[in-house]
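The structure appears right after this line, and notes come after that.
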2 protein chains.
Amino acid sequence: MRPEPLDAESIVSATEEVLRRHGPEKATVLDVARLLGVSHGSVYRHFPSKAALREAVIRRWLDEVEALATAARGDDSAPPERLRRLLTTVFAAKWAKAKDDPELFATFQKLVAGYSTVCSAHTAFVLEQIRAIVADGIDEGEFAAGEPETLARAVLDATCRFHDPLYAADWRATAELEAQAEAVVSLVLHGLCAR
Amino acid sequence: MRPEPLDAESIVSATEEVLRRHGPEKATVLDVARLLGVSHGSVYRHFPSKAALREAVIRRWLDEVEALATAARGDDSAPPERLRRLLTTVFAAKWAKAKDDPELFATFQKLVAGYSTVCSAHTAFVLEQIRAIVADGIDEGEFAAGEPETLARAVLDATCRFHDPLYAADWRATAELEAQAEAVVSLVLHGLCAR
DNA sequence: GAAATGACAGATAACAATAATTGTCATTCA
DNA sequence: TGAATGACAATTATTGTTATCTGTCATTTC
């Protein structure tokens with residue numbers, strides 16, 4: 001029995017803690033219940049499955065990333081600058097997580113590999129952010145004419161090496177990585193711009 | 001005892017056959033020796049290890065891919081056209097192998113994951129082909145000025161979703177994939193071109 | 001005597017038996 | 001009465017055992 005009533009938020013926090021300590025391979029629902037001082041049945045009252053628990057943890061982190069991305073965008077500058085900031089912010093958030101919180105990042109990687117809706121929703125979010133900026137750029141005449149959906153998808157695809165967790169193993173040497181990301185982003189922005 | 005003397009080439013062919021039948025997880029050196037009708041010790045006379053055997057199989061396939069790429073390049077056309085042909089030829093070769101020869105492709109994926117020199121040499125080859133075309137394009141004034149090495153690397157990175165075996169799981173829907181590859185290649189070519 | 005063999009030690013994989021975890025739900029508690 | 005529990009069946013992981021494979025090398029074969 002615990003003093004305060006059990007709520008979803010504290011279960012998510014406990015899950016995060018357990019994942020960080022044991023990693024996605026070893027972390028169990030029983031570990032989470034133990035940390036909270038409740039039975040595992042109580043955890044299942046708030047979450048339908050172990051997978052849902054992990055998705056909630058990752059969704060919370062992705063919410064932060066998306067908030068960061070929205071903030072970094074800054075609607076005052078020109079589309080190329082906005083797109084560059086959006087991309088580099090998303091890259092940096094992923095790189096930092098992979099480096100500083102490897103177990104949670106590994107959890108994220110597993111969810112992506114398992115086609116979790118949380119992850120595809122995040123991709124859809126980033127894609128939509130790119131699309132909006134591209135559409136703005138085309139309207140303002142800075143970017144060449146084209147279908148914003150197709151172009152946004154091309155921008156996302158062209159930069160996958162820097163944001164897709166599938167490539168996290170290559171995110172070791174930060175200086176080199178930054179230079180390579182910069183080269184691709186510049187190439188893509190140049191490709192978008194009207195001449 | 002077999003009629004003809006045992007040579008490296010037939011060992012590679014037998015290994016290819018065994019890999020195709022059993023897949024990289026199950027294929028053993030003993031299987032190869034059995035298929036050849038020799039003892040596994042004889043195989044080790046020609047190849048130092050199981051890994052070397054698999055590398056030889058993949059190297060033989062990559063040699064074909066590289067020959068295809070060289071042929072498709074065609075030195076008569078303009079750099080943008082040449083680069084497009086080089087890229088689409090390499091993409092198509094990988095897509096076809098993944099689809100039509102999945103066990104050998106899985107072997108390739110394992111080698112890539114294991115940082116095999118055979119695979120990094122192939123990457124170096126493609127990178128150099130791109131670099132040469134980019135350098136030509138800059139010389140001819142079709143491409144904007146820049147460091148050919150950096151630009152070539154950016155082109156390779158920007159197209160990784162279409163040639164890196166890490167992404168093979170996404171190579172299912174061919175029509176969609178071709179359209180996405182086309183969008184990225186066009187964006188990249190537009191990015192390279194001088195204005 | 002060059003090529004092939006097969007016995008061998010160490011490493012790896014397959015297997016079966018056992019233990020732990022997941023998810024459900026009738027019961028208990030406050 | 002609504003939240004929490006823990007017994008339970010089904011699934012999944014772990015362990016210890018056995019079998020197979022890898023790579024070497026002294027011996028054999030032609």
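Side-chain atoms are counted along with the backbone in the values below, which use heavy atoms only and exclude waters and symmetry mates. A, B, ... follow the sequence lines: proteins, then strands. Residue 1 opens every chain.
Of the residues in residues 104-119 of chain B, not one places a heavy atom less than 4.0 Å from an atom of DNA chain D. Proximity of residues 11-27 of chain B to DNA chain C (heavy atom under 4.0 angstrom from any strand atom) is restricted to Lys26(B).
Look at CG on Leu6(B): it is 17 Å from P on dA2(C), rounded to the nearest Å. In this structure, CG of Leu30(A) is placed 13 Å from C1' of dT5(D), rounded to the nearest angstrom. Atoms CZ (Arg54(B)) and P (dC21(D)) sit 13 Å apart, rounded to a whole Å. Regarding Tyr44(A), its OH atom lies at a distance of 19 Å from the P atom of dC8(D), rounded to whole Å. In this structure, His46(A) places its NE2 atom 17 Å from P of dG23(C), rounding to the nearest Å. Spacing between atom CG of Asp31(B) and atom P of dA13(C) amounts to 14 Å, rounded to whole angstrom units. Counting to the nearest Å, the P atom of dT22(D) and the CZ atom of Phe47(B) are 15 Å from each other. Per the geometry, CZ belonging to Arg45(B) stands 10 Å off P belonging to dA2(C), to the nearest Å.
Checked by atom type and distance alone, the side chain of Arg85(A) pairs as donor or acceptor with a backbone atom of Ala72(A) at under 3.5 Å. Judged by distance alone, with hydrogens and angles left aside, the side-chain atoms of Arg54(B) form no donor-acceptor pair with the main-chain N or O of Glu16(B) at under 3.5 Å. In terms of modelled atom types and a separation under 3.5 Å, the side chain of Trp171(A) and the main chain of Arg161(A) share a donor-acceptor contact.
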Donor-acceptor pairs under 3.5 Å, side chain of residues 133-145 of chain A to any protein atom, not counting sequence neighbours: which ones?
{"residue": "Asp136(A)", "atom": "OD2", "partner": "Arg82(A)", "partner atom": "NH1", "Å": "3.3"}
{"residue": "Asp136(A)", "atom": "OD2", "partner": "Arg82(A)", "partner atom": "NH2", "Å": "3.0"}

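Counting heavy atoms from C-beta outward, Thr28(B) and His40(B) have side chains that stay 4.5 Å or more apart.
Using a cutoff of 4.0 Å between basic side-chain nitrogens and carboxylate oxygens, Glu128(A) and Arg131(A) are scored as salt-bridged. Between Glu9(B) and Arg60(B), at least one side-chain N (NZ, or NE/NH1/NH2) sits under 4.0 Å from a carboxylate O, which counts as a salt bridge. A salt bridge does not link Glu103(B) with Arg21(B): none of the charged nitrogens is closer than 4.0 Å to a carboxylate oxygen.
Contacts of Ser39(B) with the nucleic acid, taken as non-hydrogen atoms under 4.0 Å apart, include base atoms. The residue Thr28(A) sits close only to the backbone: its heavy atoms come under 4.0 Å of sugar-phosphate atoms, none of a base.
Checking the phosphate oxygens (OP1, OP2) of dT5(D), a side-chain nitrogen or oxygen of Ser42(A) falls inside 4.0 Å.
Arg20(A) CZ: more than 12 foreign heavy atoms inside a 6.0 Å radius.
Between Arg34(A) and Pro48(A), the residue whose closest nucleotide on DNA chain C is further toward the 5' end is Arg34(A).
In this structure, of dA4(C), dT22(C), dA4(D), it is dT22(C) that holds the atom nearest to the side chain of Lys50(A). When distances are taken from the side chain of His40(A) to each of dT22(D), dG23(C), dT5(C), the shortest belongs to dG23(C).
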